[in-house]
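For the numbers below, each heavy atom of this structure counts, side chains included, while hydrogens, waters and symmetry mates do not.
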There are 4 protein chains.
Amino acid sequence: MLIVMTPDATEADIRRVTETIESIGYKAHAMPGASRTAIGITGNDGPVDPSPFQELHGVLECVRVTKPYKLVGRDLKHDKSVIRAGAAEIGGVEPAMIAGVCAVESHEQTMLTAEVVAAAGCKWFRGGAFKPRTSPYAFQGLAEEGLKILAEVRDTYGLRIVTEAVDEPSLDLVERYADVIQIGTRNAQNFQLLKRAGQARKPVLLKRGMSSTLEEFLLAAEYVMSEGNYEVILCERGIRTFSSHTRFTPDLSVIPAVHSLSHLPIIYDPSHSTGKRDMVVAMARAAVAAGADGLLVDIHPYPERALCDGPQALLFDMFRELVDEMRGINEVIKRHRA
Amino acid sequence: MLIVMTPDATEADIRRVTETIESIGYKAHAMPGASRTAIGITGNDGPVDPSPFQELHGVLECVRVTKPYKLVGRDLKHDKSVIRAGAAEIGGVEPAMIAGVCAVESHEQTMLTAEVVAAAGCKWFRGGAFKPRTSPYAFQGLAEEGLKILAEVRDTYGLRIVTEAVDEPSLDLVERYADVIQIGTRNAQNFQLLKRAGQARKPVLLKRGMSSTLEEFLLAAEYVMSEGNYEVILCERGIRTFSSHTRFTPDLSVIPAVHSLSHLPIIYDPSHSTGKRDMVVAMARAAVAAGADGLLVDIHPYPERALCDGPQALLFDMFRELVDEMRGINEVIKRHRA
Amino acid sequence: MLIVMTPDATEADIRRVTETIESIGYKAHAMPGASRTAIGITGNDGPVDPSPFQELHGVLECVRVTKPYKLVGRDLKHDKSVIRAGAAEIGGVEPAMIAGVCAVESHEQTMLTAEVVAAAGCKWFRGGAFKPRTSPYAFQGLAEEGLKILAEVRDTYGLRIVTEAVDEPSLDLVERYADVIQIGTRNAQNFQLLKRAGQARKPVLLKRGMSSTLEEFLLAAEYVMSEGNYEVILCERGIRTFSSHTRFTPDLSVIPAVHSLSHLPIIYDPSHSTGKRDMVVAMARAAVAAGADGLLVDIHPYPERALCDGPQALLFDMFRELVDEMRGINEVIKRHRA
Amino acid sequence: MLIVMTPDATEADIRRVTETIESIGYKAHAMPGASRTAIGITGNDGPVDPSPFQELHGVLECVRVTKPYKLVGRDLKHDKSVIRAGAAEIGGVEPAMIAGVCAVESHEQTMLTAEVVAAAGCKWFRGGAFKPRTSPYAFQGLAEEGLKILAEVRDTYGLRIVTEAVDEPSLDLVERYADVIQIGTRNAQNFQLLKRAGQARKPVLLKRGMSSTLEEFLLAAEYVMSEGNYEVILCERGIRTFSSHTRFTPDLSVIPAVHSLSHLPIIYDPSHSTGKRDMVVAMARAAVAAGADGLLVDIHPYPERALCDGPQALLFDMFRELVDEMRGINEVIKRHRA
């Protein structure tokens, strides 16, 4: 159920609806939009009776939600969501470049990279301190030590930090040190972790599961939002198919598909999907042209020495060129961002 | 590195090798076999120097492991592993029938079903108390209340209990109440949960990720074993493909593939892979003929009223017939079990 | 549209309905069953008006067909179709073993193999004279010379011949020399070739396209049948998925799925789907247990010297054992064949 | 084997090498490049002995080809191939827009559409006269009558014609009426048709099989080229995956992958891959940004009345906007075209 308020509904009107919802034992999710606020109801078993709400002041209409997701949908919130951390934003007119290191390996490697990112005029930095690795014997990240280096990146260069959490304890730490909590593809249906992220007070960057359908992807976001955290950034990172010239097949069609169904921003990770440096640049450009709200890109000062995923990391010069091209392409297509 | 002991090596010989491994800072994993014990080494960065071990008494040879997994492989342990709980076993001469309810919904539904399972001569019971659901608004299981009903099944009918854990707190509970800890397909690469399961003192039933390759599947088991829990049962449950006449495409070829690479038993879940009752029986028979070490099957007293996955639950009569056919097929093919 | 005749309808009744259909410009497809004949109508644009038929003698009812296929469906013909060549059959109570060589390479290799097949009590022989190869530079088969060797196999051992056609000229030759015309997976949607096969006077063994859905598979058979050739044998041969431990993922679930929708028999090719000898036997047994109407198996006197697909060919001893096991498993499950 | 000539080798030098190759019974394929000519050898069984060629005048070196394909590779011809028909080209500095109707349905619909394509400054027209349809009962195209309408489009508007052939007779007709012979995804491994296309005197537009790997895609082109027709345009059109929000998953990563391995141009069909108008524009832009050499796009004067694939056809206004954006994006990225 979705309660749409009139354009001139007051804060008090909205509060009264919210309290009525909660008095019945449901959860209320108020989503302010440019012209009107809508309030989603979750926590119900079966259909909600609209009669307690229809007569309340400021209520325009009560709409039944027929899709399996409620809070991620355009029905509830028509205007696109913009996620902010300080002056940095994702979902606005400019695509966001979130560049950095795949794994934080050392203070030197991380700071060298951050300097390049900042110098290119970017506002976000990515770096993994907790790395989910297919083999138990592979490098698993520097953990809290890595987070401290990332915090120093923010202090030194003003870059906002995106980094992955892999369980509740690491999420606690990431929430403390970073600006955006990343949930990786292997945890895309780890529903307990999604619920915990929904209780966090920081935005969540949610990667698509490598075998998630669009509906499953949106429902993963719904898990986060249903706990009250509405700041979710979706991220395409490639899907599992038979095609073997890339590590994963980048499914860029999910970008316009998300935009038509959801108000959430969606970005693209060309590094992990292709796994090959010479495809990263082409696919990054493609995603921007498709309307992606940003890119999540690995770069590395000396990729041949990387502890993790070196072959996919861009060299610094390739990165600077990509930033320019991203801006150029956005000039051509930006009228479609709405 | 794998240290193979001579057939006449003593307990003391094995202990001395183990202590030498640990004194260098590595982990030792002794795997007794029918004719000899082998000791796996993990925790090393880069190659292990064999010289400290070669001269120890009872050491036959030091073998470099070239596969990405070490403890799951046939190199370390040639004889097939048999997992036991009381008189019930998985991996022996008879395929194990692990039947029960998809979700524990009520005391009555569960006990009615358990009675049928026990009467058919089966020794295991499955039932979900924690259900990972794609939508946050779907029934998520009875939690500890469900586990108590399952414990009553064991007390009343002597059936051994297999049930799923979805995070650390639920794993703690499952370890306390059940006989085998199930990890579901959506957590197949939730490495933190796999490590926690590796510290448990109960066997682990590990479902294949719906997009896991064979190597990733074996490495998930390696995560559990590398923490010291060697009792792992693998379970095929269907993979994500374009084919749409089943919920997931059952990949039965993974059964002989696992048998050739690993000593671990592998069972098959026809219910969740096909999602349709009329295919469950045919595919269950097929898996037994392919050499599966067991089946994990949903049945239900009145499937049309099931809270979860009713269309895939077998009726009681279909189930009894399947048990007979499973035994008949095993008579034909059992000489291949070794 | 489907016209169901009464059980006591005469030949003359059926002929009158058929003539009425053709007089309107449609095609009539009479399918006799155990208890009644049904007559399918194709060639119509849009819905067929039932009124010209309803009053005809012997007409029980006129049924609208809602599925995209008409002639392959159980609605038109409820009893399972049995395809025969002399004393050999596919779709009956016994699963058919169609064994032989992947490619006819020489007279000696083929006759040696045929002798083993006949000695095992099998009635069919397979062998490729026209080989569709991924590379233009790979061995493409002996063409008509190969067909002559196959004809000699039939003359010498009484085995019935299944062999592939790849275009119209080769289909002309195969129709002349062989008993069953095989259409391979790469031509599964070569609709012109399917239509030509539909004009042949020999049964057609139609492999599933490696990326065909069940519906596309059935519609490929419908292409053959709509031209008037109702003797079609379906064949599962593995589908393209991300899973890499087999060449193609065998989708055995298509066996019960076909049986529930269609009257056509369905067999399974374990050799081309797995590509590995040690999996062929396990998967062949599995398919029989799932209810497959037969197997299409590569064997070879000396596989290490094979010109094509040697690693998948069974050794003679493995083959003889498989024939025994196939019969044993069929004893257990044959009551399901109906 | 690949024979690289010196930059100053003469026509006569090249002829002598070619004749020497043919005298041994092989085929010679001379590929002139910007700075030197290379000559590929096919038709050999096993390795070619380089000694007859090494001493010939103008031969720089003899290189063994280790990839399964020879003529499509960058080793043989480093410079990108440009395919031309009159003033129209594919593979040059500007991406080619090949727009038109999915199926030629009528003279009016086709001419109306062609007028819009020509007015937008495009040089190519697409339109299907032979339509491979999944169902035998669907509209299969106007055949030669459709080709005549397409020829009229060329005469009236100067647009060059791309249209599909589905078997040898239709290929004969297409070769006569059109400028480029299209081979569809369902015939991507119809090797007999590929060979026939290789004997044609018109360029071939080869769609990727919906389940073809990159290597299989390139080997399909190799089939055409090995018969002597070197004018091949590759076309990505989406692959079969589990993802269901599009008809097929567009795999744009194949664009940079082809560019790094092959000299052939590669274009993209956003209409058939997505199947949905609102995704066509976004994906078309993306492909251009990824470096595609062109687009193959369905448009329709009144898509709601289309006989085939109406929901994917762009409206005329959307098409004009896309042409502008294609040019704008190309300005940003064209330095990568080389």
Side-chain angles (χ1 to χ4, degrees), chain B residues 208 210-218 238-261 268 270 273-292 321-322 324-333 335-336, chain C residues 208 210-218 238-261 268 270 273-292 321-322 324-333 335-336:
Chain B
R208 181 181 180 185
M210 64 181 79
S211 57
S212 290
T213 62
L214 173 56
E215 187 173 302
E216 289 170 338
F217 190 16
L218 294 176
I239 58 173
R240 266 275 155 87
T241 77
F242 70 86
S243 192
S244 53
H245 63 273
T246 43
R247 278 174 64 191
F248 297 92
T249 298
D251 178 13
L252 297 188
S253 72
V254 87
I255 296 168
V258 162
H259 282 156
S260 78
L261 296 175
Y268 170 62
S273 52
T274 63
K276 292 177 189 166
R277 187 174 304 128
D278 58 350
M279 293 187 194
V280 168
V281 173
M283 293 310 292
R285 294 188 319 238
V288 173
E321 186 179 82
L322 175 58
D324 285 347
E325 290 175 343
M326 179 180 83
R327 288 168 184 156
I329 292 170
N330 191 51
E331 281 306 304
V332 179
I333 67 109
R335 65 187 138 163
H336 296 286
Chain C
R208 181 181 180 185
M210 65 181 79
S211 57
S212 290
T213 62
L214 173 57
E215 187 172 303
E216 288 169 340
F217 191 17
L218 294 176
I239 58 173
R240 267 275 156 87
T241 76
F242 70 87
S243 192
S244 53
H245 63 273
T246 43
R247 277 173 65 190
F248 297 92
T249 298
D251 179 12
L252 298 187
S253 71
V254 86
I255 297 168
V258 162
H259 282 156
S260 77
L261 296 175
Y268 170 61
S273 52
T274 64
K276 292 178 188 166
R277 188 174 303 128
D278 58 350
M279 294 187 194
V280 167
V281 174
M283 294 310 292
R285 295 188 318 238
V288 174
E321 186 179 81
L322 175 59
D324 284 347
E325 290 175 343
M326 179 180 82
R327 288 168 184 155
I329 292 169
N330 192 50
E331 281 306 305
V332 178
I333 66 109
R335 67 188 137 164
H336 298 286

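Among the candidates C:Ala287, C:Gly238, C:Ser212, the residue making the largest number of heavy-atom pairs closer than 4.5 Å to chain B is C:Ser212. Of the listed residues (C:Thr274, C:Asp278, C:Ile333), the greatest number of heavy-atom pairs within a distance under 4.5 Å of chain B belongs to C:Ile333. When the candidates B:Asp251, B:Thr213, B:Thr246 are compared by the number of heavy-atom contacts under 4.5 Å with chain C, B:Asp251 comes out ahead. Counting heavy-atom pairs closer than 4.5 Å to chain C, the top residue among B:Arg208, B:Glu331, B:Glu215, B:Lys276 is B:Arg208.
The parts of B:Ser211 that come within reach of chain C are both its backbone and its side chain, each placing non-hydrogen atoms under 4.5 angstrom from that chain. Heavy atoms of B:Ser253 lying under 4.5 Å from chain C belong to its backbone as well as its side chain. With a threshold of 4.5 angstrom between heavy atoms, C:Val288 does not approach chain B through any atom at all.
Atom CZ of C:Arg335 sits about 4.5 Å away from atom CD of B:Glu325, to the nearest 0.5 Å. C:Phe242 contributes atom CZ, which lies 8.0 Å from atom CD of B:Glu216 (distance to the nearest 0.5 angstrom). Considering OG1 of C:Thr249 and CG of B:Leu252, their distance stands at 10.5 Å, rounded to 0.5 Å. The distance from atom NE2 of C:His259 to atom CE of B:Met279, rounded to the nearest 0.5 Å, is 12.0 Å.
Looking at C:Arg240 and B:Ser243, their side chains never come closer than 4.5 Å, going by heavy atoms from C-beta outward.
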Practice problem: Decide side chain to side chain contact (heavy atoms under 4.5 Å, CB included) for B:Thr241 and C:Ile239; before the verdict, give the C-alpha distance in whole Å, the side-chain angles of both, and the deciding distance to 0.1 Å. | Solution: CA-CA 9 Å; B:Thr241 77; C:Ile239 58 173; 4.0 Å; yes
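Contact record, C:Ala257 with B:His245: CB-CD2, 3.7 Å, taken as the closest heavy-atom pair.
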